[in-house]
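Scroll down for the structure; my scribbles are underneath it.
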Amino acid sequence: MTIMVTPTPAGFHSLSLPIAQLSLAAVLNCGQSFRWSSYPLAVDFTSGKYTAPTHEYRLCLRDRVVCLRQSPEALFYRSVFPGRDLTPAESALREAETLTWIKDYFQLDVDLLQLYDDWSQRDPVFRSLRSRFSGIRVLRQDPWENLISFICSSNNNIVRITNMVHTLCRNYSPILMSLQPPSPPSHSPLEAISYHPFPPPSVLAASDVASELRSLGFGYRADFVQRTARMLVDKHGPAAMQGSVEAPERWLMTLRNEDTAKVREELLKLFGVGRKVADCILLMSLDKHEIIPVDTHVHQIAVKHYRFPRPASAKGKVTLTPKLYNEISNRLGDTWGKYAGWAHSVLFTSDLRTFSAYGLDGGDENESISSPRSVSTDSRTRKRPEKGPPLKPSHDAARDLELAVGEGTSLAERVKKRRRTVAVTA
DNA sequence: GTCTTACCTTTG
DNA sequence: AAAGGTAAGA
């Protein structure tokens with residue numbers, strides 16, 4: 001018998017990679033990096049013999065825009081550069097660089113299936129989830145971008161954080177290049193998209209930036225960003241030559257080789273960086289795979305699935321005290337082991353999905369945060385011709401999760417609530 | 001050490 | 001009221 005392999009899209013290179021090792025749809029939209037853009041592709045369904053990519057994902061690096069697509073068995077990549085066309089030899093060299101970057105950024109040397117096995121063996125809760133949420137891994141991000149992005153994340157939601165990070169790039173970093181969107185909808189005119197790299201420390205350290213960011217809607221995080229940039233530039237030296245990596249960025253990079261406790265201490269000195277943000281940076285860009293950042297979602301997961309006491313909110317806020325933070329982080333760390341932070345990301349992402357099921361995202365977001373279970377759900381979603389009730393597909397996702405998890409009483413309650421709301425509105 | 005409170009802004 | 005919290009003060 002023959003197995004049809006998805007053809008490599010024109011202009012792309014192919015890397016053999018099972019989607020269970022990496023789901024771009026899940027990983028690039030789950031709030032690790034806030035800078036990827038995704039574009040739906042016009043897909044031809046007349047042939048059911050192979051599964052063509054449904055989206056293209058793009059990220060602007062210092063000198064190039066990386067474009068990715070994915071099929072069940074392969075990752076397709078290409079990079080685009082500003083300026084003149086490259087010779088074939090130059091192009092081959094640059095694509096080799098891009099491939100190296102991809103392997104590093106997605107940490108492809110780490111076998112995710114083996115980790116899923118390990119976590120399943122250690123933890124029945126994880127075991128019940130694994131089949132539903134595959135391909136979720138931790139990115140190895142740039143520490144500087146990671147730091148600033150997560151300073152923006154405090155007491156905030158993913159949609160707004162994403163907007164803020166793009167605003168930073170648009171306003172404080174020169175445009176690298178413009179690119180056409182991939183397979184644009186035929187009815188709308190071709191409109192080139194501008195790509196900006198992430199702005200360097202020296203630029204964000206300027207004293208004007210604080211007030212400018214205020215007026216750009218950053219709220220109190222405006223001062224966090226500017227003052228942290230200022231601190232780093234003051235401490236580790238001024239800007240280097242234009243286009244090169246600045247001293248604070250290099251210093252942050254060296255923290256990858258340092259001891260966890262020491263690095264956390266360093267990060268906590270930065271304005272706007274508390275325990276949770278520090279832990280995110282440790283996990284997501286400084287190679288500390290065992291770290292579990294405890295946010296409101298993880299807190300809720302701990303309560304729902306790991307028998308942590310329901311917050312005794314007599315009436316007021318549910319503040320996550322440092323004491324409770326440590327207890328949750330340590331307990332889950334013991335449960336999952338050396339790559340506990342990665343396991344945390346799987347559960348975090350799955351929990352995000354249950355939230356998106358209740359319409360907390362815009363309609364477009366529902367599309368772009370497409371299901372990790374890719375094929376089946378995607379096709380279901382795609383068949384829906386118009387906007388329709390945006391809740392329906394993800395509503396199914398919520399029920400699936402509920403079944404997968406087995407318990408989830410509060411989840412069930414919320415589903416009922418949603419049904420009632422729908423009924424009333426309808 | 002541990003516990004409150006104010007804080008920008010958007011969305012349900 | 002809550003969103004992937006943090007700084008400052010009691």
Side-chain angles (χ1 to χ4, degrees), chain A residues 29-34 136 138-139 141 146-165 167 210-228 231 264 267-285 291-303 311-329 332 341 344-366 369 390-391 410 414 417-418 420-422 424-425:
Chain A
N29 289 308
C30 69
Q32 291 192 54
S33 168
F34 299 98
I136 297 169
V138 172
L139 301 173
Q141 298 190 62
N146 193 206
L147 167 65
I148 297 302
S149 300
F150 276 79
I151 282 178
C152 294
S153 79
S154 78
N155 202 357
N156 206 348
N157 60 67
I158 289 186
V159 175
R160 185 176 169 212
I161 300 164
T162 303
N163 288 331
M164 288 163 71
V165 170
T167 296
S211 57
E212 289 166 4
L213 290 181
R214 279 268 172 183
S215 57
L216 287 170
F218 276 56
Y220 54 78
R221 303 165 199 82
D223 302 270
F224 292 170
V225 169
Q226 188 271 330
R227 284 183 57 185
T228 283
M231 286 171 78
R264 182 185 278 134
L267 293 174
L268 287 173
K269 292 176 185 169
L270 302 172
F271 196 56
V273 177
R275 175 69 190 274
K276 188 267 171 181
V277 168
D279 281 358
C280 282
I281 298 162
L282 287 170
L283 171 66
M284 299 180 184
S285 61
I291 295 299
I292 297 179
V294 181
D295 52 48
T296 165
H297 286 164
V298 175
H299 185 198
Q300 290 173 45
I301 290 171
V303 169
S313 59
K315 54 186 190 307
K317 299 277 187 190
V318 182
T319 47
L320 186 58
T321 63
K323 189 167 178 280
L324 184 54
Y325 186 111
N326 276 321
E327 286 169 5
I328 294 176
S329 190
L332 295 181
H344 140 277
S345 292
V346 175
L347 290 206
F348 175 83
T349 304
S350 64
D351 198 60
L352 263 192
R353 308 210 61 70
T354 74
F355 277 99
S356 77
Y358 300 97
L360 300 184
D361 303 319
D364 272 345
E365 289 304 313
N366 258 339
I369 306 184
L391 297 168
S410 65
R414 276 183 273 169
K417 197 169 174 184
R418 168 54 66 187
R420 260 183 271 132
T421 313
V422 169
V424 169
T425 353

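Below, each value reflects all heavy atoms present in this structure, side chains not excepted, and no hydrogens, waters or symmetry copies. In the text below, chain A, chain B and the rest are named by the order of the sequence lines, each starting its count at 1.
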Next item on the list: Would you mind telling me which of A/Asn326, A/Leu332, A/Ile328, A/Asp279 makes a side-chain contact (heavy atoms from CB on, under 4.5 Å) with A/Val294?
Entry: A/Ile328
Note to self: By the definition side-chain contact (heavy atoms from CB on, under 4.5 Å), identify the one residue from A/His344, A/Met284, A/Arg264 that meets it with A/Ile291.
What the structure shows: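 Single pass found, and it is A/Arg264.
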Next item on the list: Hey, which sits more toward the 5' end of DNA chain C by its nearest nucleotide, A/Leu268 or A/Asn156?
Entry: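 The residue whose closest nucleotide sits nearer the 5' end is A/Asn156.
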When we call it a touch if two heavy atoms are under 4.0 Å apart, what does [X] touch: a base, just sugar-phosphate, or nothing?
| X | value |
| --- | --- |
| A/Val273 | sugar-phosphate |
| A/Arg221 | base |
| A/Gly219 | base |

Please give, in whole Å, the distance from [N] [atom2] to [X] [atom1]?
| X | N | atom1 | atom2 | result |
| --- | --- | --- | --- | --- |
| A/Ile281 | C/dG5 | CD1 | P | 14 Å |
| A/Asn157 | B/dT9 | CG | C1' | 9 Å |
| A/Ile301 | C/dG4 | CD1 | P | 12 Å |
| A/Asn155 | C/dA8 | CG | C1' | 16 Å |
| A/Leu320 | C/dA3 | CG | C1' | 14 Å |

Looking at [N], I'd like to know if its phosphate oxygens (OP1 or OP2) sit under 4.0 Å from a side-chain N or O belonging to [X].
| X | N | answer |
| --- | --- | --- |
| A/Thr296 | C/dA3 | yes |
| A/Gln300 | C/dA3 | yes |
| A/Arg214 | B/dC8 | yes |

Taking atom types as they are modelled, would you say the side chain of [X] forms a donor-acceptor pair with the base of [N] within the 3.5 Å cutoff?
| X | N | value |
| --- | --- | --- |
| A/Arg160 | B/dT9 | yes |
| A/Tyr325 | C/dG5 | no |
| A/Lys276 | C/dG4 | yes |

Item checked: Watson-Crick or G-U wobble mate for C/dG4, both contacts under 3.5 Å ->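 Matched C/dG4 with nothing under the 3.5 Å cut-off.
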Note to self: Both distances below 3.5 Å, Watson-Crick or wobble geometry, any strand: find the nucleotide opposite B/dC8.
What the structure shows: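 The answer is none; no pair meets the criterion.
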Separation between the [atom1] atoms of [N] and [M], rounded to whole Å:
| N | M | atom1 | result |
| --- | --- | --- | --- |
| C/dA1 | B/dT5 | P | 15 Å |
| C/dG4 | B/dT4 | P | 24 Å |
| C/dG9 | B/dC8 | P | 15 Å |

Item checked: Whether A/Arg221 side chain and A/Phe218 backbone form a donor-acceptor pair below 3.5 Å -> yes
Next item on the list: Return yes if some donor-acceptor pair links the side-chain N/O of A/Thr228 with the main-chain N/O of A/Phe224 below 3.5 Å, else return no.
Entry: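 Confirmed, A/Thr228 side chain pairs with A/Phe224 backbone.
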Margin query: Nearest to the side chain of A/Thr321, heavy atoms from C-beta on, is which of C/dA8, B/dC3, B/dT10?
Written below: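 Selected nucleotide (nearest to the side chain): B/dC3.
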Notebook entry, point to check: What's the closest nucleotide to the A/Phe224 side chain, out of C/dA7, B/dC8, C/dG4?
Noted result: C/dA7
